[in-house]
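Keep in mind it's a predicted model, so treat the numbers as computed, not measured. Values reported hereafter were calculated over all heavy atoms of this structure, with side chains retained and with hydrogens, waters and symmetry mates removed.
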Amino acid sequence: MNEISIEQQKQLLVSVATDRDKTAFAAIFSHFAPKIRSYGLKHLKQEANAMELVQETMLTVWRKAHLFHPEKGAVSTWVYTIMRNQCFDILRKRQATKEDNYSDDIWPIFEQKLVTTSDDPSNEQLNGELVTLIATLPKNQQVVVKEIYLNQRSHQELADQLGLPVGTVKSRLRLGLQKLRLHLENDDAY
């Protein structure tokens, strides 16, 4: 691990900011990358995400080096602030992807059920059974699931239409899809 003094860190980052000094950046990268990776492994739990955190953090350091003011604080404080923000962004992205995957999980179960109960699974029959199944959900979840999957509205469009925050629309969608999945899986058990 390349240890460099606090004063050297400042000089190196100033060189990156003023001269786009790649050698100085390499020294900063070598110093901070292992620490950022370790933080990423602890908080993101996967090597790939930890390495993404290193790359995104250090890319931001390179791009925004001119925003660092040595008189206001240590390089490490500045870099770790960027790292934490990048970590939150990765976690938010992961959560958004997880919510999108709920719908990906449910459609194969529904289609399999439809195919096994009918010789000719047409779109009309699929929509009919789907609407019937959606009708079992609480009203606020019904509206969200229907609008997003049957009327092809985006989360933002629906949020604007209903006068709700996008997060509320996503939560209702996630809950509705979880209930539909549970219903379909329980239905298959009989």
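- Contact annotation: the side chain of Ile148 approaches that of Val169 to within less than 4.5 Å [non-hydrogen atoms, C-beta and beyond].
- Looking at Trp62 and Arg20, their side chains come closer than 4.5 Å, going by heavy atoms from C-beta outward.
- What you find for Met58 and Ile28 is that their closest heavy atoms are CE-CG2, 3.8 Å.
- Annotation: the span from Leu13 atom CG to Phe25 atom CZ amounts to 9.5 Å, rounded to 0.5 Å.
- Linking ILVMFWY side-chain heavy atoms closer than 4.5 Å, directly or via other members, places Ile36 and Ile4 in a single hydrophobic cluster.
- Here the shortest heavy-atom pairing between Leu133 and Leu180 reads CG-CD2, 3.5 Å.
- Salt-bridge check for Lys93 with Glu56: failed, with every basic side-chain N at 4.0 Å or more from each acidic carboxylate O.
- At least one side-chain heavy atom of His155 sits under 4.5 Å from a side-chain heavy atom of Leu173.
- Judged purely by atom type and a 3.5 angstrom limit, Gln142 uses its side chain to pair as donor or acceptor with the backbone of Leu137.
- The CD atom of Gln55 sits 12.5 Å away from the CZ atom of Arg37 when rounded to the nearest 0.5 Å.
- Between Gln161 and Glu147 there is a side-chain heavy-atom pair separated by less than 4.5 Å.
- Listed by chain and number, the residues in a ring pair (Phe, Tyr, Trp, His ring centres under 6.0 Å) with Tyr80 are Phe32 (sequence neighbours excluded).
- Distance CZ/Arg84 to OG1/Thr57: 10.5 Å, rounded to 0.5 Å.
- Taking the side chain as every heavy atom from C-beta outward, Pro138 and Arg172 never approach each other to under 4.5 Å.
- The closest side-chain donor-acceptor pair between Ser76 and Gln9, if any, does not fall under 3.5 angstrom.
- Leu53 and Met51 sit in two unconnected hydrophobic clusters of ILVMFWY residues. Membership requires side-chain heavy atoms under 4.5 Å apart, directly or through other members.
- Leu12 contributes atom CG, which lies 10.5 Å from atom CD of Glu7 (distance to the nearest 0.5 angstrom).
- One N or O on the side chain of Ser15 and one on the backbone of Gln11 form a donor-acceptor pair closer than 3.5 Å.
- Contact annotation: the side chain of Val143 approaches that of Leu162 to within less than 4.5 Å [non-hydrogen atoms, C-beta and beyond].
- For Ile90 against Asn49, the heavy-atom pair with the smallest separation is CD1-O, 4.1 Å.
- No continuous path of ILVMFWY side-chain contacts below 4.5 Å connects Val14 to Ile82, so the two sit in separate hydrophobic clusters.
- Put simply, the side chain of Gln141 does not reach to within 4.5 Å of the side chain of Ile134, judged on heavy atoms.
- Taking both residues in full, the closest heavy atoms of Leu158 and Val144 are given as CD2-CA, 3.7 Å, listed atom of the first, atom of the second, then distance.
- When all heavy atoms are compared, the tightest approach of Ala65 to Val16 is CB-CG1, 3.7 Å.
- Counting heavy atoms from C-beta outward, Phe29 and Val54 have side chains that approach closer than 4.5 Å.
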Start with the C-alpha distance between Gln86 and Glu52, add both sets of side-chain angles, then the distance that settles side chain to side chain contact (heavy atoms under 4.5 Å, CB included), and finish with yes or no.
CA-CA 9 Å; Gln86 290 295 331; Glu52 179 183 358; over 6 Å; no
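- No donor-acceptor pair closer than 3.5 Å links the side chain of Asp19 to the backbone N or O of Asp21.
- Closest approach of Leu44 and Ala50 over heavy atoms only: CD1-N, 4.3 Å.
- Atom NZ of Lys64 and atom CG of Leu59 lie 10.0 Å apart (nearest 0.5 Å).
- Looking at His31, its side chain never comes within 3.5 Å of a backbone N or O of Ala27 through a donor-acceptor pair.
- Put simply, the side chain of Thr77 never gets that close to the backbone of Gly73: no donor and acceptor are under 3.5 Å apart.
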